[in-house]
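What follows is a set of notes on a single structure, which appears directly below.
Lettering of chains follows the sequences in order, A, B, ..., and the numbering in each one begins at 1.
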Protein chains: 2
Amino acid sequence: MSAVNVTDTREEEAVVTSATDAAVNTISNAVSNSVSNTAQSYHHGDLRTALLNAAAKRLSEHGVDSLSLRKLAEDAGVSRTAPYHHFKDKSALLSAIAAKGFSDWHSTAKRIFEQEDKTPSARFREFVCEYVGYAAANPEMYELMFGRTIWQNNAATGDLKDVAFPCFQFQVTMTKFWQHKGLLPDNQDALRLAQVTWGTLHGIARLLIDGIYADSSHIQEMCDCAADLFMQASNKA
Amino acid sequence: MSAVNVTDTREEEAVVTSATDAAVNTISNAVSNSVSNTAQSYHHGDLRTALLNAAAKRLSEHGVDSLSLRKLAEDAGVSRTAPYHHFKDKSALLSAIAAKGFSDWHSTAKRIFEQEDKTPSARFREFVCEYVGYAAANPEMYELMFGRTIWQNNAATGDLKDVAFPCFQFQVTMTKFWQHKGLLPDNQDALRLAQVTWGTLHGIARLLIDGIYADSSHIQEMCDCAADLFMQASNKA
DNA sequence: AAGGCTATGTTGACGGTGTCAAGATAAAGT
DNA sequence: ACTTTATCTTGACACCGTCAACATAGCCTT
């Protein structure tokens with residue numbers, strides 16, 4: 001890799017190596033960053049989104065635990081502390097990724113919910129399957145979105161809350177609709193019911209993701225069982 | 001604390017400090033370890049359980065994220081790598097703590113389930129509340145037991161699985177009983193139903209612990225709602 | 001009892017992490 | 001043109017898990 005003769009001082013060697021890395025990474029930036037193709041020397045241009053992209057990639061490929069600011073900085077061809085000019089700390093960066101996840105899921109949920117050509121019952125069932133399916137298909141993203149990493153100690157960013165809360169609210173909206181349509185019992189408070197139904201999906205998703213006493217070959221059956229259970233409950237009320 | 005004059009070599013200072021710590025911790029060991037009360041110089045005596053105790057304490061007080069082998073070793077008055085003679089790695093130590101948690105919970109579940117003087121319905125409701133209550137009261141332990149830290153990549157120790165699986169199995173046993181008593185729908189496979197009911201409790205617990213759109217002041221209502229839902233479902237079947 | 005085996009404890013070292021402080025550079029506003 | 005501000009840099013610090021090599025002490029065999 002390096003043609004530099006080995007010196008006895010480690011500092012010099014380190015400097016040379018890092019300079020080489022920087023050059024390599026600048027090239028890879030030009031390739032992956034479809035915007036600018038001339039090598040930018042000092043300022044990156046759009047480091048924030050570059051970091052988020054690199055993070056999303058690493059997240060899906062190597063899991064949330066392998067996300068380090070240093071690696072992301074290296075991916076973006078930038079020094080280790082550069083990210084701090086765009087994110088307060090690691091948690092803030094993770095929050096930003098999760099925010100995109102919530103935004104995406106919110107859209108998906110809306111799309112499913114608003115399919116006028118299907119019966120409410122069919123949509124309800126589809127929603128259940130899609131929810132658990134999304135979690136099982138994107139375990140790392142799901143883990144990040146709903147894991148304690150982001151939410152513990154009220155560490156969630158304001159930005160994150162702004163995106164996540166409407167997503168939660170939508171769950172209540174749907175619950176009310178399903179209650180109205182007789183798919184869910186009408187004798188329960190909508191908020192509580194939303195928490196419980198969502199809790200069920202969340203719980204199933206986590207048991208699947210963590211591989212605790214449930215495996216992905218039974219997703220369909222578990223979803224059907226859950227949907228049946230809820231819809232059966234409505235017949236009594 | 002130390003009357004030793006400050007020397008210019010850090011190594012000496014470090015040695016002195018660690019020796020002092022060892023003495024202090026030996027005393028505290030004698031207090032908490034009811035077995036031996038004479039100061040042991042080199043060998044700890046029962047480091048394994050001392051580590052587990054220290055871990056349990058740190059876990060409940062400062063959370064699972066603050067658990068480091070180095071701190072635990074220091075708590076036990078022992079050098080940083082000593083724990084490796086009792087646990088393969090950090091994950092193994094965490095597994096051992098979680099195993100105790102499963103064992104404890106298994107006992108609690110059994111006790112609730114086997115109260116002959118109460119109706120099955122009352123016991124079911126109590127079980128739901130106790131489950132969520134336990135999780136909310138011991139969030140860090142619950143997080144450790146059911147979090148991905150231990151289970152990801154099939155990293156769970158054989159010992160852990162040996163304790164956890166009977167715990168899971170018991171959930172199925174109870175489910176069958178409740179189905180038989182007409183508290184849960186009889187037209188569903190017991191395993192699936194166990195996964196779904198447990199998933200519900202698990203999901204509610206996690207939403208509460210992580211503070212996601214649910215807070216602990218509504219535990220009772222949420223548990224009642226969940227119990228109602230399940231029991232209502234049985235009336236149709 | 002002597003000697004060796006094994007369990008247990010020790011320091012040293014390595015590579016990894018998040019984060020702060022202080023300085024360098026370039027862009028943007030005056 | 002000068003200054004301010006945003007961005008990026010290296011240096012440093014305190015942690016972390018873990019391996020390797022060595023020290024000690026208890027136990028077991030002869």
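Interatomic distance, CZ of B:Phe102 versus CD1 of B:Ile97, reported as 13.0 Å (0.5 Å rounding).
Regarding A:Leu51, its CG atom lies at a distance of 12 Å from the C1' atom of D:dT7, rounded to whole Å. We find that CG of B:Leu69 is positioned 15 Å from C1' of C:dG9, with the value rounded to whole Å. The CG-C1' distance, from A:Leu94 to C:dT17, rounds to 13 Å in whole Å. Put simply, CG on B:Leu72 is 13 Å from C1' on D:dG17, counting in whole angstrom units. Distance B:Glu74 CD to D:dG17 P: 13 Å, rounded to the nearest Å. Straight-line distance from the OH atom of B:Tyr84 to the P atom of D:dT18: 4 Å, rounded to whole Å. Taking atom CG on A:Asp65 and atom P on C:dG18, their separation rounds to 12 Å, with Å as the unit. One interatomic measurement links the two molecules: CZ of A:Phe87 to C1' of D:dC8, which rounds to 15 Å at whole-angstrom precision.
Under the side-chain hydrogen bond (donor to acceptor under 3.5 Å, both in side chains) criterion, B:Tyr213 pairs with A:Gln169, sequence neighbours left out. For the side-chain hydrogen bond (donor to acceptor under 3.5 Å, both in side chains) test, no residue two or more places apart in sequence or in another chain qualifies with A:Ser91.
Residue B:Arg80 has its side chain nearest to C:dG12 when only C:dG12, C:dG18, D:dT18 are considered. Picking from D:dC8, D:dC19, D:dA12 the nucleotide with the shortest atom distance to the side chain of A:Ala82 gives D:dC8. Looking at the side chain of A:Thr81, the nearest of the listed nucleotides D:dA12, C:dA21, D:dG17 is C:dA21. Of the candidates C:dG9, C:dG18, D:dT18, C:dG9 carries the atom nearest the B:Val78 side chain, counting heavy atoms from C-beta on.
The side chain of A:His86 places an N or O atom within less than 4.0 Å of a non-bridging phosphate oxygen (OP1 or OP2) of D:dC8. For the pair A:Ser79 and D:dC8, the criterion of a side-chain N or O lying under 4.0 Å from OP1 or OP2 is not met. Note on B:His85: every side-chain N or O is 4.0 Å or more away from OP1 and OP2 of C:dT6. An OP1 or OP2 oxygen of C:dT17 is reached within less than 4.0 angstrom by a side-chain nitrogen or oxygen of A:Ser68.
Under the 30°/60° scheme for interplanar angles, the aromatic rings of A:Phe113 and A:Phe170 are found to stand perpendicular. Ring pair A:Phe168/A:Trp198 is tilted by interplanar angle, where 30° to 60° counts as tilted.
Residue contacts shown for B:Lys71 are limited to sugar-phosphate atoms, with no base heavy atom under 4.0 Å away.
Checking side-chain atoms of B:Asp215 against main-chain N and O of B:Ser217 turns up a donor-acceptor pair under 3.5 Å. Under the 3.5 Å distance criterion, the side-chain polar atoms of B:Asn138 are left unmatched by any main-chain donor or acceptor of B:Met141. For B:Lys88 (side chain) and B:Thr157 (main-chain N/O), no donor-acceptor pair under 3.5 Å exists by modelled atom type.
In terms of polar N and O atoms assigned as donor or acceptor, the side chain of A:Arg70 never comes within less than 3.5 Å of the base of C:dG16 in a complementary pairing.
Two end axes, each from the C1' atoms of five base pairs, can be drawn for the helix from C:dA1-D:dT30 to C:dT30-D:dA1; they diverge by 0°, to 10 degrees.
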